[in-house]
There are 2 protein chains.
Amino acid sequence: MNSPTVSCFDCPLRCNPLFEVPSEDELRYMSSFKLGELTVEPGRTVLMEGAASAQFYTVLEGMGLRQKTFPSGQRQVISFVMPGDLVGLQAAVMGEMRHSVEATTRMSLCVFDRNGLWDLLRNQPKRAYSVTWLAAVEEVFLGETLATIGQLDATQRIAWALVRLHDRLAMLDDPEGALLANGGPVALPYRQQDLADALGLSLVHTNKTLARLKAGGLADWSGGQLRLPGRRQLASLAMIDDEMPRRPLL
Amino acid sequence: MNSPTVSCFDCPLRCNPLFEVPSEDELRYMSSFKLGELTVEPGRTVLMEGAASAQFYTVLEGMGLRQKTFPSGQRQVISFVMPGDLVGLQAAVMGEMRHSVEATTRMSLCVFDRNGLWDLLRNQPKRAYSVTWLAAVEEVFLGETLATIGQLDATQRIAWALVRLHDRLAMLDDPEGALLANGGPVALPYRQQDLADALGLSLVHTNKTLARLKAGGLADWSGGQLRLPGRRQLASLAMIDDEMPRRPLL
DNA sequence: CGCTTCTTTGACCCTTATCAATGGCTGTGG
DNA sequence: CCACAGCCATTGATAAGGGTCAAAGAAGCG
């Protein structure tokens, strides 16, 4: 845990049109609210299930995943964590995390104090609204995930996940949307096992399904790079109608 | 939609220890915030996916479910809606519902104005905290659901759902917890198809699994009444460790 | 280079979906 | 009061999607 290196005013995420634009005043407040930055190495745990964290975070860079582990050892990947995501809100508001957050690449996170959340809710109604918004977006996304896992077959599930991941990453990399439109390559630093655990599939079957999509020229995920020449077909396969809304930051 | 019939001061849910106790002041505020009550007949839709609702609601009585329907006709039940639940927050904050809410019994709901949410977040930090809390609880629950559907087999999934439903309903009916402890009967006004769609199982297999649980003396769901003589075993089958936290209301 | 981690591939089989038909309950109308 | 329609629960037979097991390539890394 280091001292603050990036001021909120220079936040690299802020200029990304994926996120809403905060006012000067809000930036000033957030700056004072920010405790510092945390860097986490790949494979390390950011937040542990069951732990009561005194902090919560916004992801500045790097990627990770939320997961839940059963006593039996099986695990479910709840979602993939990317820059701009808020993690640890559960612990901040309920006092305890009900899933873990782990880094898959080196991550750096903005650190906020748990007690500061109360202050934020009291003094910054706009920010309070943002927190609520982020929680609502999370709920929407989990609902969609649930529907996907509950109702679709393996090919559709994988198509859904690839499209969602690609869209999100493409918007981060290239806000203009060119990457998104042409299915251009984005970095996807996960293992097939992660995707399998996210979709309730076995590793083997995930691998074979990915191979089939690749052979069909729809999706190519190799060397940590994801390309979706057939984004349209994949989206229609997975019955994805509309896209995720723009989200607030912090 | 009728005029207000129940004042927040006399709210039948308030006295239930399942919920937190609000202050006089908060009650006064909520009373002014409440627009009225809405009654919905069984089978009717409370909120429609894709619709922009000008209101959001707290469930006063009756039960329903959140669901998502695919173009192909398949549906996923996202969760079961019970008294005390907040519905429509998505639309209030994001402008559009991403799932539908349908009544399975006659329901009555507290109606709040969407614009009032802004006011609430600004002027009632404690209530703002509650809203955030409710959103966080929802997220926790969806995460647990995801893990259940993604990782457990049919018997475990059904065991999980029955225990969760029973616990919640038992606490509503009998705050002392006697019902909960002895697995006593609670009203569960859903169809097997609803449970199947919630767990990503076919109706047939759900039925057969329920039959097996009944034969084993673990769970008996018939005539709309649910009894769980084997709550302990069911919970351990589904690897349920701890229970859901107490929740704020409104 | 040898070790570990991840990906890929083949063979087998189990859980669960699908199909199909019957039984039960409730409400309605002749 | 009975017949019929609709909805839901129940049960048996069959099949397929995906899990599990096993082992061999690739690829990063000290």
Side-chain angles (χ1 to χ4, degrees), chain A residues 41-44 65 70 72-77 102-106 148-162 187-216 219-226 237, chain B residues 41-44 65 70 72-77 102 104-105 148-162 187-216 219-226 237:
Chain A
E41 294 303 314
R44 293 265 158 227
L65 32 82
F70 286 97
S72 62
Q74 303 159 83
R75 78 166 184 164
Q76 173 71 33
V77 169
E102 195 180 298
T104 56
T105 70
R106 164 187 281 252
T148 299
I149 295 187
Q151 304 301 323
L152 306 188
D153 66 28
T155 308
Q156 293 175 303
R157 291 188 210 185
I158 289 185
W160 174 82
L162 293 183
L188 191 66
Y190 298 101
R191 297 168 304 158
Q192 295 187 356
Q193 183 73 64
D194 296 325
L195 186 61
D197 288 344
L199 298 175
L201 297 170
S202 72
L203 168 62
V204 172
H205 200 242
T206 300
N207 178 288
K208 288 174 180 171
T209 306
L210 281 170
R212 227 172 300 123
L213 290 177
K214 187 176 191 169
D220 176 1
W221 177 23
S222 43
Q225 298 285 312
L226 175 65
L237 241 184
Chain B
E41 295 303 315
R44 293 264 159 227
L65 32 82
F70 285 96
S72 62
Q74 305 159 83
R75 77 167 185 164
Q76 173 71 32
V77 169
E102 194 180 299
T104 56
T105 69
T148 300
I149 295 186
Q151 304 302 323
L152 307 187
D153 67 27
T155 308
Q156 293 174 304
R157 291 187 210 185
I158 289 185
W160 174 82
L162 293 183
L188 191 66
Y190 298 101
R191 297 168 304 157
Q192 294 187 356
Q193 182 73 65
D194 297 324
L195 186 61
D197 287 344
L199 298 175
L201 297 170
S202 72
L203 168 61
V204 173
H205 200 242
T206 301
N207 178 288
K208 287 174 179 169
T209 306
L210 281 169
R212 226 172 300 123
L213 290 177
K214 187 177 192 169
D220 177 2
W221 178 22
S222 42
Q225 298 285 313
L226 175 65
L237 240 185

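Keep in mind that this is a model prediction, so the values were computed, not measured. Letters go in sequence order (proteins before strands), and every chain restarts at 1.
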Separation of [N] [atom2] from [X] [atom1] (nearest whole Å):
{"X": "A:D153", "N": "D:dA15", "atom1": "CG", "atom2": "C1'", "value": "16 Å"}
{"X": "A:L210", "N": "D:dG18", "atom1": "CG", "atom2": "P", "value": "13 Å"}
{"X": "B:R212", "N": "D:dG12", "atom1": "CZ", "atom2": "C1'", "value": "14 Å"}
{"X": "B:Q151", "N": "C:dT15", "atom1": "CD", "atom2": "C1'", "value": "16 Å"}
{"X": "A:Q156", "N": "D:dG18", "atom1": "CD", "atom2": "C1'", "value": "14 Å"}
{"X": "B:I149", "N": "D:dG18", "atom1": "CD1", "atom2": "P", "value": "16 Å"}
{"X": "A:L199", "N": "D:dG19", "atom1": "CG", "atom2": "P", "value": "11 Å"}

Using a 4.0 Å cut-off on protein heavy atoms (strictly under), produce a 5'-to-3' string for nucleotides 17-22 of chain C with B for base contact, S for backbone-only sugar-phosphate contact, and - for none. SBB---
Are side-chain heavy atoms of [X] and [Y] found at a separation under 4.5 Å?
{"X": "A:L213", "Y": "A:L162", "answer": "yes"}
{"X": "B:E102", "Y": "B:T104", "answer": "no"}
{"X": "B:T209", "Y": "B:L201", "answer": "no"}

Five pairs per end, C1' atoms only: what is the angle between the end axes of the helix from C:dC1-D:dG30 to C:dG30-D:dC1, to 10 degrees? 30°
Residues pairing under salt bridge (Lys or Arg N to Asp or Glu O under 4.0 Å) where one sits in residues 198-216 of chain A, two or more places apart or in two chains, turn out to be A:K214-A:D220
Quick one: salt bridge (Lys or Arg N to Asp or Glu O under 4.0 Å) pairs with a partner in residues 150-159 of chain A, sequence neighbours left out? none
Could I get a table of every N or O pair under 3.5 Å where one atom is in the protein and the other is in nucleotides 23-30 of chain D?
none

Restricting to side-chain hydrogen bond (donor to acceptor under 3.5 Å, both in side chains), what partner residues turn up for A:Q156, sequence neighbours left out? none
Applying side-chain hydrogen bond (donor to acceptor under 3.5 Å, both in side chains) to B:N207 and not counting sequence neighbours gives B:Q192
Which residues in residues 190-197 of chain A have at least one heavy atom lying under 4.0 Å from any atom of DNA chain C? A:R191, A:Q192
Where is the tightest heavy-atom contact between A:L195 and A:A161, given as atom of each residue plus distance? CD1-CB, 3.7 Å
In terms of heavy-atom contacts, A:L188 and A:W221 come closest through O-NE1, 3.4 Å
Just jot down the salt bridge (charged side-chain N to carboxylate O under 4.0 Å, His left out) partners of B:R44, sequence neighbours excluded, or say none. none
Taking 4.0 Å as the cut-off, does a side-chain nitrogen or oxygen of B:N207 come that near to OP1 or OP2 on D:dA9? no
Report the residues that fulfil side-chain contact (heavy atoms from CB on, under 4.5 Å) with A:A196, sequence neighbours left out, ordered by chain and then residue number. A:Q193, A:T206
Please enumerate all residues that pass side-chain contact (heavy atoms from CB on, under 4.5 Å) together with A:Q151, with sequence neighbours excluded. B:F70, B:Q74, B:Q76
Listing request: all ring pair (Phe, Tyr, Trp, His ring centres under 6.0 Å) pairs with a residue in residues 188-208 of chain A, at least two apart in sequence or in separate chains. A:F80-A:Y190
